[in-house]
Engineer: 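The structure follows.
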Amino acid sequence: MKDIKTFGAVPSARQMKWHKLETYGFIHFTVNTFTNKEWGYGDESPSIFNPVDFDADQIVSAAAAGGLKGLILTCKHHDGFCLWSSKFTEHSVKNSPWKDGKGDVVREISDSCRKHGLKFGVYLSPWDRNHAEYGTPAYIEYFRNQLNELTTQYGELFEVWFDGANGGDGYYGGAKETRNIDRKTYYDWENTYAIIRKNQPNAVIFSDGGPDVRWVGNEHGVAGDPCWETLTKAGRYPGVGSDSPKVFSEDTMVDAWQSDTQLLNNGDRNGLDWVPAECDVSIRPGWFYHEDQDDKVRTPENLFDLYIRSVGRGCSFLLNLPPTPRGLIHDNDVKSLIGYKKLVNALENSNMVYDAFLSASNTREESNEFSVENITDNNQDTFWATDDDVFSPWVELNFDEEIDFNIIGLREYIPMGQRVDSFSVDILKNNEWKNIGTYESIGARRLVETGMQTTSAIRITFASQVCPAISEIGVYKIMENY
Ligand code: FUL
Ligand code: CA
């Protein structure tokens with residue numbers, strides 16, 4: 001951009017597309033839905049998969065009602081059962097009674113996503129507790145063949161999701177034993193990623209080690225404060241964190257990662273790569289549907305709180321919606337999604353920044369191109385910037401009358417990097433500036449809760465190592481105690 005130099009790591013074109021989505025959904029659906037389990041052992045018969053009322057449009061409409069911009073489907077979970085009719089295994093929908101073995105969940109969900117304007121992504125578990133050859137080179141060939149099918153047969157994908165859980169006990173074609181793999185070398189990840197790069201150049205690859213999008217270090221949907229967009233990704237692969245456990249089990253998996261999870265949660269201000277975090281969480285306690293959790297669906301208020309603590313910290317919010325054994329999203333989940341979307345809309349509609357008179361302590365070359373007006377034009381591609389030697393400028397918002405607000409929102413112009421270290425918010429009280437908080441990190445989006453404040457002027461002072469580039473600022477009022 002003109003003569004402004006970028007700062008540190010910057011997002012790739014595919015990451016920029018992904019940043020625009022902010023919220024999208026996960027669909028966990030497989031034999032577990034019928035066995036009432038979270039992890040299948042791999043010995044489940046395909047005959048149990050029979051979602052008699054399966055309705056992709058109902059599932060995708062539920063996601064759309066919650067404002068979700070895409071869906072990632074568990075095409076194959078750890079149990080190895082394939083929701084599409086893979087050429088390379090019998091362990092799939094082709095041997096289930098559903099649609100007489102002619103059904104394809106991946107096809108129906110991806111088609112419906114396109115119909116409703118949602119992006120589509122795939123989850124393919126590297127770990128396969130069904131496959132007889134898991135642990136040998138032959139399984140890698142199988143895994144890559146499947147990846148090839150999923151990345152060529154279902155149109156454009158926005159994300160490919162790799163789980164870190166890998167290795168342990170399983171059915172393995174009847175061997176029923178424990179198999180451990182070397183997670184650093186077994187998948188030869190760079191060459192596995194190459195399949196995705198070739199077939200789906202716009203798709204981001206997710207795992208706890210990136211390379212495009214990183215796990216946020218917990219499954220509660222909450223990013224750290226601060227949460228930097230950067231991290232050094234050298235040596236990091238799915239399931240290969242600094243303290244990854246040797247053997248996975250359902251109970252110990254998340255705990256065993258502890259020291260690495262802190263780093264994933266906060267990111268690294270000095271990291272060499274742009275690897276933003278994704279905050280995954282389920283709308284219910286389980287990832288898969290369990291009838292006894294029908295009354296444990298997250299409330300709209302709770303989902304909104306997660307939105308603030310994920311999207312509002314520069315990350316994405318990945319919300320899991322598990323279909324029932326009939327193949328539908330339960331009414332309770334649909335109600336919560338609708339209520340949550342209302343709260344997000346209410347936040348956006350409360351933005352008072354358009355009523356403010358704007359001023360700034362410095363504007364780059366005093367040029368209109370970098371004018372402070374760019375922070376309220378609802379366009380993320382325009383921004384306010386200062387001269388190169390200005391590292392602590394301020395922006396002032398003056399209102400004709402006093403306003404009440406409790407959230408301040410900011411966006412950096414991230415194609416130029418994450419430039420701002422911190423920012424302070426002051427409000428005018430009895431003709432004096434009163435500080436109400438200092439916060440670290442902005443990135444793609446920042447929503448800070450300031451507590452309810454009444455004032456006629458707000459001043460935001462930035463601290464950065466290079467001139468800041470701020471694309472949007474918002475001043476919001478949302479009900480308290482959500
Ligand atoms: C975890 C898996 O083990 C869970 O079953 C689920 O798929 C979740 C999203 O990731 O690592
Ligand atoms: Ca703008």
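Both counts, for ligands and for their atoms, begin at 1 and track the order of listing.
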Engineer: Out of Ile196, Ile205, Asp212, Ile72, which residue meets the side-chain contact (heavy atoms from CB on, under 4.5 Å) rule with Glu159?
Structural biologist: Ile72
Engineer: Could you tell me if Arg144 and Thr192 have a donor-acceptor pair between their side chains, going purely by distance under 3.5 Å?
Structural biologist: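 Side-chain D/A pair, Thr192 to Arg144: present.
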Engineer: Relative to the heavy atoms of Glu219, which atoms of ligand 1 are at a distance of less than 4.0 Å?
Structural biologist: 1 (C), 8 (C), 10 (O), 11 (O)
Engineer: Just which atoms of ligand 1 are under 4.0 Å from any heavy atom in His77?
Structural biologist: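 In order of number, 4 (C), 5 (O), 6 (C), 7 (O).
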Engineer: With the Ca ion (ligand 2) as the centre, enumerate protein N/O/S atoms below 3.0 Å in chain and residue order.
Structural biologist: Asn374 O, Asp377 OD1, Asn379 O, Thr382 O, Thr382 OG1, Ser471 O, Glu472 OE2
Engineer: Which residue is it: Phe26, Trp215, Phe120, Tyr24? I am looking for the one with a ring-ring contact (aromatic ring centres under 6.0 Å, His included) to Trp161.
Structural biologist: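 Among the candidates, only Phe26 passes.
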Engineer: Considering Thr30, Asp79, Asp163, which one's heavy-atom position lies nearest to atom 11 (O) of ligand 1?
Structural biologist: Asp163
Engineer: Could you tell me whether Glu291 atom CD has more than 12 heavy atoms of other residues or ligands within 6.0 Å of it?
Structural biologist: no
Engineer: Hey, which atoms in ligand 1 end up nearer than 4.0 Å to a heavy atom of Phe26?
Structural biologist: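 In order of number, 9 (C).
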Engineer: Test your reading of the structure: does Trp39 have an N or O sitting under 3.5 Å from an N or O of ligand 1?
Structural biologist: yes
Engineer: Out of all atoms in ligand 1, which are within 4.0 Å of some heavy atom of His28? Include the element for each.
Structural biologist: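 Per the distance check, 6 (C), 7 (O), 9 (C).
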Engineer: With heavy atoms of His78 as the reference, note each atom of ligand 1 found under 4.0 Å away.
Structural biologist: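 Under 4.0 Å from His78, ligand 1 has these atoms: 2 (C), 3 (O).
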Engineer: Can you tell me which residue among Phe143, Tyr187, Tyr172 is in a ring-ring contact (aromatic ring centres under 6.0 Å, His included) with Tyr134?
Structural biologist: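 Considering Phe143, Tyr187, Tyr172, a ring-ring contact (aromatic ring centres under 6.0 Å, His included) with Tyr134 is found only for Tyr172.
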Engineer: My understanding is that only residues two or more places apart in sequence, or in another chain, count here; which of them pass side chain to side chain contact (heavy atoms under 4.5 Å, CB included) with Asn145?
Structural biologist: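 Checked Asn145 against side chain to side chain contact (heavy atoms under 4.5 Å, CB included); matches are Phe88, Glu141.
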Engineer: If you take the centroid of each ring, where Trp contributes its six-membered ring, are Tyr289 and Phe29 closer together than 6.0 Å?
Structural biologist: no
Engineer: Looking at Trp189, Phe206, Trp127, which one forms a ring-ring contact (aromatic ring centres under 6.0 Å, His included) with Phe162?
Structural biologist: Trp189
Engineer: Other residues, nucleotides and ligands only: do more than 12 of their heavy atoms fall within 6.0 Å of CZ on Phe357?
Structural biologist: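 Count not over threshold, so no.
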